[in-house]
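For reference, positions follow the sequence shown, starting with 1.
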Amino acid sequence: MIENFKIAVIGSGTMGNGIAHTAAQSGFKTLLIDINESQLNKALSTIENNLDRQVNKGVISQPDKQNIINNILLETDINNCKEMDLVIEAVPEKYDLKVSVFKELDSICKESTILASNTSSISISNLGNQTKRPDKIIGMHFMNPVPIMKLVEIINTIHTSKETTQLIIDISKQMN
């Protein structure tokens, strides 16, 4: 089990809140970031409703639900990613938007931070080429709905290090 590993998710829409839910349920301290505070509140409400369904089905207990919620921190300032170990980008499928997020994260995050994209259609290599850390760029394409679908497609670039790939495989396994 990977302990004290901090994950941030950029974008709190359907995929982002599902990734945050799954990361938090797997014991990771999870920062969910969006530029819109009302979108963040909507995301947390969605996560709580999905957790209630899990409680009702006996998948998790009420205390488990509270622990999962306690693992999620909502934030509108991307600068709070500076101490994260992994940042998963889940913004809309717009190339220029994703590039701007990756460039900003590259300038904010510590050197060891892995930057991942949940994209299904944009080149991970192109995103990585926009950063000074191409060895720490990877794709983590989650399937919807994330808390239910037990699948994440991991996409390397020619620059992604073996260590980055192995860590993302380990994290994905811990996230079930």
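In terms of heavy atoms, C109 sits closest to L115 at SG-CD2, 4.3 Å. Here the closest non-hydrogen pair linking I138 and I124 is C-CG2, 3.8 Å. The heavy-atom pair separating N176 from K150 by the smallest distance is O-CD, 2.9 Å.
Side chains of N156 and T165: a donor-acceptor N/O pair is present below 3.5 angstrom, by distance only. Between the side chains of D34 and N36, no donor-acceptor pair is found at a separation under 3.5 Å. Inspection of the S61 and D64 side chains reveals an N or O donor paired with an N or O acceptor under 3.5 Å. No hydrogens or angles considered: nothing links the side chains of D170 and Q174 as a donor-acceptor pair under 3.5 Å.
In this structure, L51 and H21 have side chains that are in contact, with non-hydrogen atoms separated by less than 4.5 Å.
At distances below 3.5 Å, not a single donor-acceptor pair connects side-chain atoms of N71 with backbone N or O atoms of T30. In terms of modelled atom types and a separation under 3.5 Å, the side chain of T164 and the main chain of D135 share a donor-acceptor contact.
Annotation for K57: atom NZ does not count as buried by contact number, only 12 or fewer foreign heavy atoms lying within 6.0 Å. No more than 12 heavy atoms of other residues, nucleotides or ligands lie within 6.0 Å of CG in N4, so this atom counts as exposed by the packing criterion.
With respect to the salt-bridge test (charged N to carboxylate O, under 4.0 angstrom), the residues K136 and E163 do not qualify. Here K98 pairs with E89 in a salt bridge; the nearest charged N to carboxylate O distance falls below 4.0 Å.
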Practice task
Go through the steps for K65 and Q54 under the test side-chain contact (heavy atoms from CB on, under 4.5 Å), then give the verdict.
Solution key: CA-CA 9 Å; K65 174 190 171 187; Q54 288 179 291; over 6 Å; no
Practice task
Report the C-alpha separation of R53 and N56 in whole Å, then their side-chain angles, then the decisive distance to 0.1 Å, and conclude whether the side-chain hydrogen bond (donor to acceptor under 3.5 Å, both in side chains) test is met.
Solution key: CA-CA 5 Å; R53 273 199 288 281; N56 293 337; over 6 Å; no
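One distance of note links CE of M15 with CE of M140; it measures 11.0 Å at 0.5 Å rounding. Distance check, rounded to the nearest 0.5 Å: CG of D85 to CG of L167 gives 8.5 Å.
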